[in-house]
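Heads up: the structure comes next, in structure tokens.
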Amino acid sequence: MAAGPAPEARLLMDKQTFLDNFSNLDYPRKTYLCYEVELLVGENSIPLDEYKGFLHNKGAAMGLEHRHAELILLERLASWNLDMELRYRITCFTSWSPCPDCADELVNFLRANGHVYLRIFAARIYDRFPGYEAGLRALNAAGAEVAMMTLQEFEYCWNNFVDHQQDEDKPFPPLDNLVARSEELSQRLEGILQNQED
DNA sequence: ATTTTCAAT
């Protein structure tokens, strides 16, 4: 077998895939999720690059199982067998915020794994199903940070998860209205999280 | 200028 890439070489996301799926001005019918893990040691955090990557939901090809992105993340997490004696922070950048069911699953995971802290930055609010607000609040109440992606997170993802070999493509191309839309969504999310409906 | 949402609310 030919020598493969070094173990630390990770697959990066195609530029256009990122732009198409993380744009907060569109409504793609799939979800991408970038994730990274840090080990928390005292006041410090150590990036664990072997647990850095991205995934997307498993679609609906006839008869095949479909699965939301968050559930795939939880499967990967389980496979890593993170040390229960240590503390970790998982940061996700997801193109759609978690649906109510996925929010429940994440809450269950957090309850069972007190050594894992979770941060979720979403490009858009997935408000298709009733209960999405309560789901986001439940996540928040379970200790997860839930926020919208701002320009800072878009740039971070671009620099850390996206393949832009050519120099001319290096800086994140600021999409029209992306920042304004992000601010709008952040205000809306803040309202959702502060609401005490349930 | 528009559109609408990880198949199946």
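Since the structure is predicted, the reported quantities are computational estimates derived from the model, not experimental observations. To find a chain, count down the sequence lines: A is the first, B the second, and so on, and within it residues start at 1.
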Point to revise | Distance test, side-chain N/O of A/R67 to OP1/OP2 of B/dA8, below 4.0 Å | key: no
Revision key, fill the gap. note: A/R124, atom CZ; B/dT3, atom P; distance rounded to Å ~ 15 Å
**Study point:** Rounded distance in Å - NZ (A/K30) to P (B/dA7)
**Key:** 10 Å
Practice item. Considering only atom P, compute the distance from B/dT2 to B/dA7 and round it to an integer number of Å. Key: 26 Å
**Study point:** Ring-base stacking, A/Y27 with B/dT4 (5.5 Å, 30° cut-offs)
**Key:** yes
Review point. Distance between the P atoms of B/dA1 and B/dC6, in whole angstroms?
Key: 27 Å
Review point. In the hydrophobic clustering (ILVMFWY, side-chain contacts below 4.5 Å, transitive), which residues join A/L25, or is it alone?
Key: none
Practice item. Would you mind reading off the distance between A/L25 atom CG and B/dT5 atom P, rounded to a whole angstrom? Key: 16 Å
Check your understanding: With centres under 5.5 Å and planes under 30°, do A/Y126 and B/dC6 count as stacked?
Key -> no
Exercise for review: Check whether any side-chain N or O of A/N57 sits under 3.5 Å from a backbone N or O of A/T31 as a donor-acceptor pair, and report yes or no.
Suggested key: yes
Exercise for review: Examine B/dC6: is either OP1 or OP2 under 4.0 Å from a nitrogen or oxygen in the side chain of A/N21? Give yes or no.
Suggested key: no
Practice item. Provide the distance between the two C1' atoms, one in B/dA8 and one in B/dT3, to the nearest whole Å. Key: 22 Å
Point to revise | Distance-only polar pair, side chains of A/E36 and A/Y156, donor-acceptor under 3.5 Å | key: yes
Review point. Over how many whole Å does the gap from A/E105 atom CD to B/dC6 atom C1' extend?
Key: 15 Å
Exercise for review: Report yes if at least one side-chain N or O of A/R128 is closer than 4.0 Å to OP1 or OP2 of B/dC6; otherwise report no.
Suggested key: yes
Review point. How close or far is atom C1' of B/dT5 from atom CG of A/L136, stated in whole angstroms?
Key: 14 Å
Exercise for review: In whole angstrom, give the distance that lies between atom OH of A/Y132 and atom P of B/dT4.
Suggested key: 17 Å
Check your understanding: A/R29 side chain: which of B/dT9, B/dT5, B/dA7 is closest?
Key -> B/dT5
Practice item. Return the value, rounded to whole Å, for the distance between atom CG of A/D20 and atom P of B/dT3. Key: 18 Å
Revision key, fill the gap. Exactly one of A/L77, A/L55, A/T91 clears side chain to side chain contact (heavy atoms under 4.5 Å, CB included) with A/Y35, and that residue is A/L55
Practice item. Nearest whole angstrom, please: distance from the P of B/dT3 to the CG of A/N177. Key: 14 Å
Point to revise | Ring centers of A/F93, A/F121 separated by less than 6.0 Å | key: yes
